[in-house]
Engineer: 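Can you read through this structure? Questions will come right after.
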Amino acid sequence: MTDQDERMDFPFDRTSPLHPCPHYARLREQAALADIRMPSGDPGRLVTRYEDVRAVLSDARFSRAATLEDGAPRYGPAPQKFKTLLNMDDPEHSRVRRLVSREFTVRRVAGLRPRIQQATDRLLDEMAAQGNEADLVKALAFPLPVAMICELLGVPYEDREQFGEWSDSFMAITARPVEQILAAQIALYQYLSGLIAAKRENPGADLLSALTQISDADDGRLSEEELTFLGVSLLLAGHETTANQIGNSVLALLTHPDQLEILRKEPELVPGAVEELLRLFPPGDELLLRIALEDVEVGGIPVKAGEALLPSPGSANRDDRHFEQAETFDVRRQQVDHLTFGQGAHYCLGSGLARAELQIVIETLIRRFPTLRLNAELADIPRQTGRLVHGVSRLPVAW
Ligand code: HEM
C-alpha cells in the first residue's frame, strides 16, 4: 500500500508462508533503496541489494545506539530503551563483545553438541510415541532451542512458560498492545537481574555464572546493567530466532521433495543445506535497523543524517547480482556468504550454536522419520505477523 508520498507500508504482505515478499526482485531492479513506512509510522529506507546491505552493516556511520535516542525513527510503536550488546556502538560495543567472547567460545558450543543430540532424540521419541502425526513446531522446533538456551545460560527450564510469555510480548511489534510489550521488557529485566544475583553468590558451570566472574586487565568487568541486558538478549535471541528457523527449514524441505531426497541419500550435505535454508528462508527482515550518523550515499543514493535504514537480508540473499540462480533452492550450493546472521561488528554472536542446533535437528529428523511429509496444504500453514522475528506458527506433519 502507498500513501501520497509513495511510501510503501512495511513489512510487505507475503503470498506464501515460506517465501519473503514477492516484490523484492522488482525493488532491487528499481533502486538500491526503497522508501517505506515502518509499523511505528516512521519513514525508513529499505536496503535491497546484497552489496549495499553488506556495506551498511559493515560501516560504523550507520548506528545501532542511535536507535535508542529520543525522537529517533523507530521500527515498532513501543519505544526500545534496552542497551543490549546489539544496541551499542564502538568503543562500548567492542569492549563488551570482547568480554562475552572470552566465555561464549567455540569450545563451549562444541561441548553442547552432545546435549543438543540428546534433547533432539528425547523430543523425537516423545513425538513418535504420540502416533503418526504431530505439530512439529510444538514437538521440536520450539522446545529444543528453549532447552538449549536454558542449559547454556543456566536458566531454570521450569521457568520456560513464564519467560516464554514475556519473550513473546518482547518480540511483538504490532501483535501485542504497547503496554504489554513494555511490561514484558521490565519483567524480563527483573527476572534476569534476580537470576544473575543468585549466580554471583553461587556460581555454576553455565555461561551467566562465568560472565559474573570475568575480569580483564584491559576491558575491566561487565557492569551489573551490562550483564543483565546481555542475559536478556541471549535468552531472547537464543531461542526465538532458532525456533523459527527450524520450522521454516523443515517446511522448505517438505515442500521440495527432490532436495529432501538428496539429503536423505547424502546426509553429509546437511551443513551446506542448513546454510542454503538460512539464505532463502530467514526468520524475518525486521531486525537490522540502523540510523545514519552523517550525510552519506548508499548505492549511489543520498541518505541524510538521522534517516533510518532497514537492510533486508531476505532481499539481499536472493540478489542475482551476487548468487547465481538466486531464487533456486539447491542443497548442493557451495556459496554460503548469506547475510542471515548479519555482517560486521554485530555479526550474530550465537551463530555457532544456531548452526549446531539446525544441523543436528535436520540430520536426526530425516534419519529417524524417513516417511515424514507435510500434513496440510502449504497455503494453509499459518505464519506469524507483527513480530520482530517470525516463522510458521504450526507445522502439521505425518509419517
Ligand atoms: C537462526 C538463528 C539466528 C539468527 C537468524 C540470528 C540472527 C542475528 C542477526 C541478523 C544479528 C545481527 C543484528 C544486527 O546487526 O542488527 C544477530 C545478532 C546477535 N545474535 Fe543472533 N541469530 C540467531 C541465533 C542466535 C542465538 C542462538 C544466539 C545466542 C545464543 C544469538 C545471539 C545474538 C546476539 C547476542 C547478537 C548481538 C551481537 C552484537 O551486537 O554484537 N543469536 N543475530
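Counting starts at 1 for both ligands and their atoms, in listed order. Position 1 is the first residue of the sequence, and the numbers go up from there.
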Engineer: Which ligand 1 atoms does A345 reach within 4.0 Å, using its non-hydrogen atoms?
Structural biologist: 41 (O)
Engineer: Would you check whether H346 has a nitrogen or oxygen atom less than 3.5 angstrom from a nitrogen or oxygen atom of ligand 1?
Structural biologist: yes
Engineer: Pull out every atom of ligand 1 sitting under 4.0 Å from any heavy atom of T242, numbered as shown with elements.
Structural biologist: 2 (C), 24 (C), 27 (C)
Engineer: With a cut-off of 4.0 Å, which atoms of ligand 1 are near a heavy atom of I149?
Structural biologist: 30 (C)
Engineer: Between H93 and ligand 1, which part of the residue brings a heavy atom under 4.0 Å of the ligand: side chain, backbone, both or neither?
Structural biologist: side chain
Engineer: If the contact criterion is a heavy-atom separation under 4.0 Å, does G344 count as touching ligand 1?
Structural biologist: no
Engineer: Please state whether L289 comes within less than 4.0 angstrom of ligand 1, counting heavy atoms only.
Structural biologist: no
Engineer: Could you tell me if the ring centre of F163 sits under 6.0 Å from that of F170?
Structural biologist: no
Engineer: Can you sort out which atoms of ligand 1 are near Q245, meaning under 4.0 Å from one of its heavy atoms?
Structural biologist: 1 (C)
Engineer: Around atom 32 (C) of ligand 1, find the nearest protein heavy atom and jot down its residue, atom name and distance.
Structural biologist: A237 CB, 3.5 Å
Engineer: May I ask you to decide whether E363 forms a salt bridge with R367, counting only side-chain N to carboxylate O separations under 4.0 Å?
Structural biologist: yes
Engineer: Do Q213 and R221 pair up side chain to side chain, a donor and an acceptor below 3.5 Å, judged on atom types alone?
Structural biologist: no
Engineer: Does R108 pair with E103 as a salt bridge, N-O distance under 4.0 Å?
Structural biologist: yes
Engineer: At what distance is the nearest protein heavy atom to atom 23 (C) of ligand 1, and which residue and atom is it?
Structural biologist: T241 OG1, 3.3 Å
Engineer: Please state which protein non-hydrogen atom is closest to atom 29 (C) of ligand 1 and give its distance, to 0.1 Å?
Structural biologist: G238 CA, 3.7 Å
Engineer: Regarding Y191 and D159, do their side chains bring together a donor and an acceptor under 3.5 Å, going by distance alone?
Structural biologist: yes
Engineer: Taking the cut-offs as 6.0 angstrom to the six-membered ring centre and 45 degrees off its axis, would you call R279 and F323 a cation-pi pair?
Structural biologist: yes
Engineer: With heavy-atom distances below 4.0 Å as the criterion, list the atoms of ligand 1 near T340.
Structural biologist: 5 (C), 7 (C), 10 (C)
Engineer: If the threshold is 4.0 Å, N to carboxylate O, is there a salt bridge linking D70 and K81?
Structural biologist: yes
Engineer: May I ask you to check if ligand 1 and R97 share an N or O to N or O distance below 3.5 Å?
Structural biologist: yes
Engineer: Just going by heavy-atom distances, which of M88, H338, R290, E357 is nearest to atom 16 (O) of ligand 1?
Structural biologist: R290
Engineer: What residue and heavy atom of the protein are closest to atom 13 (C) of ligand 1, and at what distance?
Structural biologist: L288 CD2, 3.4 Å
Engineer: Please name the residue in the list L365, I366, T364 that meets the side chain to side chain contact (heavy atoms under 4.5 Å, CB included) test with R368.
Structural biologist: T364
Engineer: Please identify which atoms of ligand 1 are closer than 4.0 Å to at least one heavy atom of L85.
Structural biologist: 38 (C), 39 (C), 40 (O), 41 (O)
Engineer: Looking only at protein heavy atoms, identify the closest one to atom 11 (C) of ligand 1 and say how far it is in Å.
Structural biologist: F341 O, 3.9 Å
Engineer: Closer than 4.0 angstrom, basic N to acidic O: yes or no for K83 and E225?
Structural biologist: no
Engineer: Going by an N to O cut-off under 4.0 Å, is there a salt bridge joining R37 and D9?
Structural biologist: yes
Engineer: Is the shortest distance from a Lys or Arg side-chain nitrogen in R387 or D168 to a carboxylate oxygen in the other one below 4.0 Å?
Structural biologist: yes
Engineer: List ligand 1 atoms under 4.0 Å from L353, heavy atoms only on the residue side.
Structural biologist: 30 (C)
Engineer: Would you mind finding which of C348, S351, P311 brings a heavy atom closest to atom 43 (N) of ligand 1?
Structural biologist: C348
Engineer: Show the atoms of ligand 1 that are less than 4.0 angstrom away from any heavy atom in L86.
Structural biologist: 13 (C), 14 (C), 16 (O), 40 (O)
Engineer: Atom 36 (C) of ligand 1: which protein heavy atom is closest, and how many Å away?
Structural biologist: L349 N, 4.0 Å
Engineer: Using a strict cut-off of less than 4.0 Å between a Lys/Arg side-chain nitrogen and an Asp/Glu carboxylate oxygen, indicate whether R64 and D89 qualify as a salt bridge.
Structural biologist: no
Engineer: Under 4.0 Å, counting heavy atoms only: does Q343 come that close to any atom of ligand 1?
Structural biologist: no
Engineer: Which protein non-hydrogen atom lies closest to atom 28 (C) of ligand 1, naming both residue and atom, and how far is it?
Structural biologist: G350 CA, 3.5 Å
Engineer: Are E29 and R321 close enough for a salt bridge, meaning some N to O gap below 4.0 Å?
Structural biologist: yes
Engineer: Is there any N or O on S233 that sits under 3.5 Å from an N or O of ligand 1?
Structural biologist: no
Engineer: Can the ring centres of F281 and H19 be said to be less than 6.0 Å apart?
Structural biologist: yes
